[in-house]
Amino acid sequence: MLRELHIENIAVIEKADIEFNSGLNVLTGETGAGKSIIIDSIGAVLGERVSRELVRRGAEKGRVTAVFELGALEESWLADNDIEPEDELILQRRINADGKSSCRVCGEPVSASQLRELASLLVDIHGQNDGRQLMDERRHIGYLDSFGDLEEKINDFRAEYSKFISLKKEMNRLSMDEIEKERLSDSLKYQIAELEKAELKEGEKDSLVARRDLLRNSEKLTEALDTAYEILNGGDDNALSMAQNAAYFASRAADVAPELQDAADKINTAVFSLTDAAELLRDFRGGLDFSPQEYDSLEGRISLINRLERKYNRDQDSLISYLEECRAKLDDIEYADERLVKLKKELSAQIKQCQKAGAVLSSKRKEAGAVLEQRIERELKELNMPAVRFKVNFETVQNENGFDSNGIDSVSFLMAANTGENPGKISKIASGGELSRIMLAMKNVFAEKDPVSTMIFDEIDTGISGIAAQRVGEKLYTVSGGKQVLCVTHLPQIAAMADSHYLINKEERNGRTYTDVKCLNREGRQRELARLHGGDNITELTIMSAEEQLESADKFKRTVTGDSE
């Protein structure tokens with residue numbers, strides 16, 4: 001449940017703190033006062049896309065903070081995202097004047113996508129755009145599947161459908177005309193022959209380049225080796241013999257002065273090191289076998305590898321793997337006809353598997369559809385649409401296989417608003433007010449299986465008035481018995497049903513526009529209902545009428561709760 005909302009420098013709201021309660025929370029106010037801004041602010045703190053236009057003019061940044069009660073699902077999400085839970089769930093969104101934004105959950109930075117994921121466990125927002133979604137028949141199958149809890153059967157079908165798609169892709173890959181097949185085959189054979197002739201070995205180029213560089217500097221290398229060896233061990237007064245003499249005399253000195261033993265040991269170690277170094281130089285020099293023919297051979301081999309790398313735009317090791325790819329592709333082409341015959345049989349069998357899984361899913365959908373029809377019709381009758389008929393229409397997918405990624409069904413919602421009419425497309429039949437009530441009915445039905453604890457309706461009253469408006473208000477109150485409901489409205493019939501009523505008021509001060517939010521007491525609610533009825537012409541009679549409406553709403557609430565008081 002949403003407990004608190006803090007808004008700072010968002011559009012015309014400089015600062016607002018709202019404490020929401022359980023039950024039905026209603027927001028009213030003049031057109032343009034800022035009601036939708038509050039909904040936009042909630043959307044922002046729930047991870048929806050924001051722009052710099054949302055930041056109040058002249059401010060460096062806007063900020064929205066929402067405090068929710070912490071439930072088991074939210075605790076699980078926090079644990080999955082390595083966020084330490086607190087006594088309450090605090091969501092924050094900051095929007096800078098340059099359009100950049102940042103998000104935090106319980107003080108920890110998160111991405112907007114993470115925030116949206118968490119929001120799906122907290123709030124369901126019904127805006128004016130949802131009516132257009134309801135008329136989009138492509139979405140109807142999703143609504144039905146959600147209502148019927150058909151995820152398991154859908155996954156079963158889509159596992160079979162995925163195999164079908166893989167087989168189709170493989171067949172398309174192998175299917176080509178004879179001219180294209182011959183052209184590709186010739187190209188692959190040429191590349192295979194060229195790469196096989198090169199006899200490439202993994203890591204070969206690096207060793208070739210190292211050997212070539214060695215040969216290229218052979219004269220300097222030989223001279224350096226000879227000189228170094230001569231100094232170490234090439235005469236009577238070489239470094240090694242002098243070090244041996246030094247070791248001998250140091251040992252004699254240590255016999256007389258034991259504290260010099262460490263020095264003697266170090267000189268002895270140096271003698272061993274110099275001996276090893278001299279032998280390494282000698283052996284390396286003896287192993288050098290330079291010839292102009294070897295150098296030319298190395299240059300030619302390196303040049304061949306470089307040419308192949310440039311031609312195929314790959315390094316040497318990748319050329320080796322590419323050769324295997326070419327061999328595999330050539331095999332595919334040469335044995336394509338045989339494999340296609342086999343794949344066609346597999347595809348035929350898989351089509352039957354998809355149709356079978358689709359039939360199982362379709363059966364469950366039709367069961368769910370029958371229940372949904374009854375539930376929606378019952379809800380709509382309670383919303384002053386007594387003659388309505390709601391139908392879940394099923395048609396078979398029209399293609400060569402009789403199924404698509406959603407199964408074998410094409411689903412659409414149809415309705416007849418009046419007695420004697422045939423059901424038709426909602427977009428053709430429903431008026432604006434009927435569309436609002438249909439959406440409310442569906443939201444109420446679907447909400448029973450939805451884990452979210454807060455539902456928000458932004459101007460659910462579009463196109464309705466009179467008794468229909470009263471029924472919508474009563475329905476919203478009934479829904480709020482199980483979930484917290486926030487509702488933006490212009491209708492007194494709905495506002496009268498509120499458990500908590502907030503007035504959004506806009507005024508000008510010092511050349512700037514400011515919006516304030518105030519929770520109304522009984523007297524304030526009387527005046528606001530009177531304004532909703534008659535505008536600025538608030539009289540004693542309209543106040544009395546407003547109080548009568550509030551008393552009537554209280555009586556309905558007592559009927560719902562069973563309270564006789």
Side-chain angles (χ1 to χ4, degrees), residues 1-8 10 13 15-27 35 37-48 63-94 102-127 443-444 446-458 460 475-489 497-502 504 517-520 557 560-561 563:
M1 185 182 85
L2 176 60
R3 287 171 40 195
E4 299 174 26
L5 183 68
H6 171 77
I7 305 172
E8 185 178 340
I10 299 294
I13 300 179
K15 187 176 182 181
D17 289 288
I18 312 172
E19 293 186 7
F20 291 107
N21 300 302
S22 58
L24 179 57
N25 298 260
V26 168
L27 290 78
K35 301 185 296 297
I37 295 171
I38 293 175
I39 303 301
D40 290 343
S41 297
I42 294 175
V45 83
L46 295 177
E48 292 183 4
R63 181 183 287 111
V64 184
T65 304
V67 180
F68 289 85
E69 290 183 350
L70 188 61
L73 286 174
E74 294 81 36
E75 285 186 349
S76 176
W77 186 92
L78 292 174
D80 290 342
N81 288 270
D82 296 323
I83 297 176
E84 193 70 28
E86 300 177 356
D87 293 337
E88 53 194 10
L89 184 63
I90 303 175
L91 277 57
Q92 295 174 309
R93 185 79 178 271
R94 187 176 71 179
S102 59
C103 315
R104 289 181 178 272
V105 173
C106 294
E108 296 291 333
V110 297
S111 66
S113 61
Q114 285 178 292
L115 202 55
R116 287 193 295 272
E117 183 182 278
L118 175 58
S120 67
L121 305 175
L122 299 170
V123 178
D124 180 14
I125 300 181
H126 166 63
K443 283 283 185 179
N444 189 30
F446 295 151
E448 295 174 0
K449 299 178 181 179
D450 197 331
V452 301
S453 58
T454 299
M455 299 178 70
I456 299 176
F457 295 93
D458 186 9
I460 190 67
K475 177 58 65 177
L476 288 171
Y477 178 78
T478 303
V479 172
S480 73
K483 295 179 183 289
Q484 180 192 44
V485 176
L486 276 61
C487 179
V488 174
T489 185
M497 299 302 302
D499 294 309
S500 302
H501 188 163
Y502 301 87
I504 317 301
V517 183
K518 180 181 180 182
C519 187
L520 300 176
K557 293 177 182 179
V560 172
T561 60
D563 188 354

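Position 1 is the first residue of the sequence; numbering continues from there.
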Asker: Any sub-3.5 Å donor-acceptor pair from D499's side-chain atoms to L24's backbone N or O?
Answerer: yes

Asker: How close do S480 and G23 get, counting heavy atoms only, and between which atoms?
Answerer: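 Nearest pair, atom of S480 first, then G23: CB-C, 3.5 Å.
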
Asker: Just wondering, do W77 and E117 contact through their side chains at under 4.5 Å, heavy atoms?
Answerer: yes

Asker: Taking side-chain contact (heavy atoms from CB on, under 4.5 Å) as the criterion, tell me which of I42, L122, V67 meets it with L2.
Answerer: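 For L2, the side-chain contact (heavy atoms from CB on, under 4.5 Å) test succeeds with only one of I42, L122, V67, which is I42.
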
Asker: With a 4.5 Å cut-off on side-chain heavy atoms, are V45 and T65 touching?
Answerer: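 SC-SC contact between T65 and V45 ruled out.
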
Asker: Give the intermediate values and the outcome of side-chain contact (heavy atoms from CB on, under 4.5 Å) for residues M455 and V479.
Answerer: CA-CA 9 Å; M455 299 178 70; V479 172; 3.9 Å; yes

Asker: Can you find a heavy atom in the side chain of E4 that is under 4.5 Å from one in the side chain of I18?
Answerer: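 No; the side chains remain at least 4.5 Å from each other.
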
Asker: For a side-chain contact (heavy atoms from CB on, under 4.5 Å) check, start with the C-alpha distance between E74 and L121, then their side-chain angles and the critical distance, and finish with the verdict.
Answerer: CA-CA 7 Å; E74 294 81 36; L121 305 175; 4.1 Å; yes

Asker: With a 4.5 Å limit on heavy-atom distance, are the side chains of L476 and M497 in contact?
Answerer: no

Asker: For S41 and I37, indicate whether the former's side chain and the latter's backbone hold a donor-acceptor pair under 3.5 Å.
Answerer: yes

Asker: As a quick check of understanding, evaluate side-chain contact (heavy atoms from CB on, under 4.5 Å) for V485 and N25, giving each step before the final call.
Answerer: CA-CA 6 Å; V485 176; N25 298 260; over 6 Å; no

Asker: Spell out, as yes or no, whether a donor-acceptor pair under 3.5 Å connects the side chain of R63 to the backbone of R94.
Answerer: no

Asker: Would you say K483 and S453 make side-chain contact, with heavy atoms under 4.5 Å?
Answerer: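 K483 vs S453: side chains apart.
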
Asker: Check the pair I504 / I38 against side-chain contact (heavy atoms from CB on, under 4.5 Å), numbers first and verdict last.
Answerer: CA-CA 9 Å; I504 317 301; I38 293 175; 3.3 Å; yes

Asker: Taking the side chain from E108 and the backbone from V105, do they hold a donor-acceptor pair closer than 3.5 Å?
Answerer: no

Asker: What pair of heavy atoms forms the shortest contact from K35 to L27, and how long is it?
Answerer: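 Closest heavy-atom pair between K35 and L27: CD-O, 4.0 Å.
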
Asker: About how many Å separate CZ of F20 and SG of C519, when rounded to the nearest 0.5 Å?
Answerer: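 So the SG of C519 and the CZ of F20 are separated by 9.5 Å.
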
Asker: So, taking the atom named CG in L118 and the one named SG in C106, what distance separates them when rounded to the nearest 0.5 Å?
Answerer: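 Reported value, rounded in 0.5 Å steps: 8.5 Å.
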
Asker: Hey, are the side chains of V110 and N81 touching, using non-hydrogen atoms and a 4.5 Å cut-off?
Answerer: no

Asker: I'd like to know if the side chain of K557 reaches the main chain of A498, judged simply by a donor and an acceptor atom lying under 3.5 Å from each other, with no hydrogens or angles considered.
Answerer: yes

Asker: Could you check whether atom CG of D87 has more than 12 heavy atoms from other residues, nucleotides or ligands sitting under 6.0 Å from it?
Answerer: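 No, because the 6.0 Å sphere around CG of D87 holds 12 heavy atoms or fewer from other groups.
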
Asker: Would R116 and E48 pass as an ion pair if we require N to O under 4.0 Å?
Answerer: no

Asker: CG of D458 to CD1 of I39: how many Å apart, nearest 0.5 Å?
Answerer: 5.0 Å

Asker: Using side-chain heavy atoms (C-beta onward) and a distance below 4.5 Å, is L91 in contact with F68?
Answerer: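 Counting from C-beta outward, L91 and F68 do come under 4.5 Å.
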
Asker: With rounding to the nearest 0.5 Å, note down the distance linking CD in Q92 to CG in L115.
Answerer: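 Separation between the atoms: 10.5 Å.
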
Asker: Is there a side-chain contact between N21 and Q484, using heavy atoms and a 4.5 Å cut-off?
Answerer: no

Asker: Return the CD1 to CD1 distance between I456 and I125, rounded to the nearest 0.5 Å.
Answerer: 4.5 Å

Asker: Using a cut-off of 6.0 Å, state whether more than 12 heavy atoms not belonging to E19 lie near its atom CD.
Answerer: no

Asker: Rounded to the nearest 0.5 Å, what separates atom CG in L70 from atom CZ in R3?
Answerer: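 With rounding to 0.5 Å, CG (L70) is 10.5 Å from CZ (R3).
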
